Amino acid sequence: MALQVYNYLTRRKEVFQPIHEGFVGMYVCGPTVYGHAHIGHAKVYITFDIVHRYLEYLGYRVRYVQNITDVGHLTDDADEGEDKIAQQARKERVEPMEIAEFYTRSYFEDMDALNVLRPDISPRASGHIPEQIELAQLLIEKGYAYVSNGSVFFSVKSWPSYGKLSGRNIDELEEGARIAVSPDKRDPRDFAVWRAAKPGHIMRWKSPWGEGFPGWHAECSVMAMKYLGLPFDIHGGGLENIFPHNESEIAQSEAAYGKEFARYWILNNMVTVNGVKMGKSLGNFTTIKDALTRHNPMTLRFFILSSHYRSTTDFTDEALDSAARGYERLIGPVRLTRERLRRAESDGEVDVTFAEVIRQHKEQFVAAMDDDFNTPQALAVLFDFGREVNTLLNSDRPMTRATLEAIDNFYRTLGGNVLGLIPDNLPTSTEGGLEAQLMELIIRLRAEARARKDWATADAIRAELARLGIVLEDRPEGTTWRMAQ
RNA sequence: GGCGACGUAGCCAAGUGGCAAGGCAGGGGUCUGCAAAACCCCGACCGCGGGUUCGAAUCCCGCCGUCGCCUCCA
């Protein structure tokens, strides 16, 4: 068994083989920080968080680089294109860098909430202007780019393999081109590596060709190379950027440095709303912050992971409600296990039969993840395992502490470390706090009522608590409580 | 027009040559003072039409439908 990943470069699943033994370099296209992140962003970054986490689970040392685009991303490719950050700054009447900073913080806030581990390096495009100028210079020297009116354009027809990632034929590109062609381009298919700044353009830097700013694709090329070297293992991002962004990244990098760029291209499919793509321009997006006012972060994460990353995910509140119930079911046995662990259980070895159940499910889980990060399948394994755990813990079989710990460890490792779905401390199992002490008191008083067979009082307490979102469960070994979803 | 993806039970969603996972919802049952939770049982022959094969949801051809990229978008 070995990890297989679907590589967009070859359009096939391939056995993952890192360039350097035991080490993986991964670059993922990060957000352009001019607005709050939406569910579409959640899908990409959760996807690559899973890649990141699973590679580490397999024992690789991963260096994960994800850029922050704070300059160079224009509203369109025509001459009138305004920088997205600058445009937002104008609207909010602040400095462009305040916009970038504000939304960068917002982005990390959202990712932290979704339990997405931070990348190891989050380089800013604006912090790598000299490198991007150097890229443009190299391309000019080698004859792959030309200067025109203060801008530097990559000449697509000078690079025969242009189109290899997105499966596009260069000769056919021209016909379908709808873009307003910049008069500075020699060929409409060429793209900007460096752009001359118009008089009103705020974000500008000095360059050999006059004042300007980098093209959108340039940052990824130079930052990937700077922090990961060439070639590196994995390049990730959203499928909608396969062309022209990713395609151009490869072309200019391989042309400038004369080396292969990235080995494996892993791209995730989109989030849709009523079947159509969730996107900024369509205005049909839900921000993560907004979704989190209605749903738990783990529900959102569970929802994203319950479809494969290469499939589209249709977002609706109903789907999230059903995900919330599914998530509750997923963590039910975890909660049960941890409650049992809090009580002293007998010493002794791990139950032999159940040790085998654990081993089998772990094997199935790994097989699912090895198959191109099949998280829906991995979740199914977790559900199957949960059924086994529920059956075991609800039976009269004597339970050793070691068995419970083995179960808990399974969940902590696969559900927690790998999927990031099962926190080490479930939010409702707070011990010692005032809330927990009060609940203990209420449960004790209710137990007394039940002992007297005063069902009216007992039921009233349960109903009132339910109104407050607290669920009581009377089990043979005592009453437990938790917050409803 | 070019390139590409998808179409599996009421809904969501794995499977990609050998008798169709899992979740949500629903029905029946066990347990429970009642509930909740849990456990057990119940549902699809895989868009349509052909073809290849001993055998296809899974491969090939055609059709229908939905969507994506080709222009900013994770």
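Chain identifiers are assigned alphabetically (A, B, ...) following the order of the sequence lines, protein sequences preceding nucleic acid strands; residue numbering begins at 1 within each chain. As the structure is a prediction and not an experimental result, all values here were calculated from the model.
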Side chain of [X] (C-beta onward), nearest among [options]:
X      : options             : result
A/D459 : B/C39, B/G68, B/G33 : B/G33
A/R482 : B/G22, B/A36, B/C39 : B/A36
A/R475 : B/G2, B/A37, B/C67  : B/A37
A/V471 : B/A35, B/A36, B/G33 : B/A36
A/E473 : B/A74, B/A37, B/C39 : B/A37
A/A380 : B/G22, B/C70, B/A74 : B/G22

Inset, instruction - Give a yes or no on whether A/K362 atom NZ has more than 12 heavy-atom contacts from other residues, nucleotides or ligands under 6.0 Å away. - result: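 No.
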For [N] versus [M], give the span between their [atom1] atoms, rounded off to a whole number of Å.
N     : M     : atom1 : result
B/U8  : B/G49 : P     : 16 Å
B/A20 : B/G47 : P     : 15 Å
B/A9  : B/A5  : P     : 22 Å
B/A57 : B/G18 : C1'   : 13 Å
B/U52 : B/A56 : C1'   : 10 Å
B/G4  : B/C11 : P     : 30 Å
B/C54 : B/A13 : C1'   : 32 Å
B/U58 : B/G2  : C1'   : 29 Å

Inset, instruction - Kindly write out the residues that satisfy side-chain hydrogen bond (donor to acceptor under 3.5 Å, both in side chains) with A/T316, not counting sequence neighbours, or none if the list is empty. - result: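 A/T316 satisfies side-chain hydrogen bond (donor to acceptor under 3.5 Å, both in side chains) with no residue once adjacent residues are dropped.
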Inset, instruction - Identify, with sequence neighbours excluded, every residue that meets side-chain hydrogen bond (donor to acceptor under 3.5 Å, both in side chains) alongside A/E92. - result: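 side-chain hydrogen bond (donor to acceptor under 3.5 Å, both in side chains) check on A/E92 returns A/Q88, A/Y103.
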Legend entry - A/F48: partners by ring pair (Phe, Tyr, Trp, His ring centres under 6.0 Å), with sequence neighbours left out: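 If we apply the ring pair (Phe, Tyr, Trp, His ring centres under 6.0 Å) test to A/F48, skipping adjacent residues, there are no hits.
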Legend entry - Residues forming a ring pair (Phe, Tyr, Trp, His ring centres under 6.0 Å) with A/F315, sequence neighbours excluded: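 Not a single residue meets the ring pair (Phe, Tyr, Trp, His ring centres under 6.0 Å) criterion with A/F315.
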Could you state the atom-to-atom distance from [atom1] of [X] to [atom2] of [N] in whole Å?
X      : N     : atom1 : atom2 : answer
A/D317 : B/C11 : CG    : P     : 19 Å
A/N268 : B/A74 : CG    : P     : 12 Å
A/L421 : B/G22 : CG    : P     : 19 Å
A/N241 : B/G68 : CG    : P     : 15 Å
A/R462 : B/A36 : CZ    : P     : 8 Å
A/Y8   : B/G68 : OH    : C1'   : 10 Å
A/L267 : B/G68 : CG    : P     : 18 Å
A/I443 : B/A36 : CD1   : C1'   : 13 Å

Inset, instruction - Using side chain to side chain donor-acceptor pair (under 3.5 Å) as the criterion, point out the one residue from A/R12, A/E14, A/K13 that pairs with A/T10. - result: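 With A/T10 as partner, side chain to side chain donor-acceptor pair (under 3.5 Å) holds for just one option, A/E14.
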What does [N] pair with, Watson-Crick or G-U, if both distances are under 3.5 Å?
N     : result
B/U66 : B/A5
B/A21 : none
B/U52 : none
B/C31 : none
B/G43 : none

Every protein N/O within reach of nucleotides 12-19 of chain B N/O, cut-off under 3.5 Å:
from  : atom 1 : to     : atom 2 : distance (Å)
B/A14 : OP1    : A/H308 : N      : 2.7
B/A14 : OP1    : A/S311 : OG     : 3.3
B/A14 : O3'    : A/N374 : ND2    : 3.0
B/A14 : O2'    : A/Q377 : OE1    : 2.5
B/G15 : OP1    : A/N374 : ND2    : 3.1

Legend entry - B/C39 phosphate, OP1 or OP2, under 4.0 Å from A/N390 side-chain N/O: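 Indeed, a polar side-chain atom of A/N390 lies that close.
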So what does [X] hit on the nucleic acid, given a heavy-atom distance under 4.0 Å: a base, only sugar-phosphate, or nothing?
X      : result
A/L336 : nothing
A/V381 : nothing
A/G167 : sugar-phosphate

Sequence neighbours excluded, which residues qualify as salt bridge (charged side-chain N to carboxylate O under 4.0 Å, His left out) partners of [X]?
X      : value
A/D372 : A/R310
A/E448 : none
A/R444 : none
A/E109 : A/K289

At a cut-off of 3.5 Å, list every protein nitrogen or oxygen paired with a nitrogen or oxygen from nucleotides 23-30 of chain B, distance to 0.1 Å.
from  : atom 1 : to     : atom 2 : distance (Å)
B/G23 : OP1    : A/R329 : NE     : 3.4
B/G23 : OP1    : A/R329 : NH2    : 3.4
B/G23 : OP1    : A/R387 : NH2    : 3.2
B/C24 : O3'    : A/R325 : NE     : 3.0
B/A25 : OP1    : A/R325 : NE     : 3.1

Inset, instruction - Could you check A/F154, A/W216, A/F243, A/F153 and say which one makes a ring-ring contact (aromatic ring centres under 6.0 Å, His included) with A/F191? - result: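 The residue from A/F154, A/W216, A/F243, A/F153 that satisfies ring-ring contact (aromatic ring centres under 6.0 Å, His included) with A/F191 turns out to be A/F154.
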Legend entry - Any residue of residues 43-53 of chain A with a heavy atom less than 4.0 Å from an atom of RNA chain B: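 Of all residues in residues 43-53 of chain A, the ones placing a heavy atom under 4.0 Å from RNA chain B are A/V44, A/Y45.
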Legend entry - Plane angle bin for A/F261 and A/H235 - parallel if under 30°, tilted between 30 and 60°, otherwise perpendicular: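 Plane angle between 30° and 60°, so tilted.
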Legend entry - A/R11 vs A/L379, nearer the 5' end of RNA chain B by closest nucleotide: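 Counting from the 5' end, the first nearest nucleotide belongs to A/R11.
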Inset, instruction - Give, for atom CZ of A/R446 and atom CH2 of A/W481, the distance between the pair rounded to the nearest 0.5 Å. - result: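 If we round to the nearest 0.5 Å, A/R446:CZ and A/W481:CH2 are 14.5 Å apart.
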Legend entry - Gap between atom OH of A/Y309 and atom CD1 of A/I50 - 0.5 Å precision: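 Output value for this atom pair is 12.0 Å.
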Without placing hydrogens or testing angles, list every side-chain donor-acceptor pair under 3.5 Å for residues 457-465 of chain A, not counting sequence neighbours.
from   : atom 1 : to     : atom 2 : distance (Å)
A/T457 : OG1    : A/D454 : OD1    : 3.1
A/T457 : OG1    : A/D454 : OD2    : 2.6
A/D459 : OD1    : A/R462 : NH2    : 3.4
A/E464 : OE1    : A/R467 : NH2    : 3.2

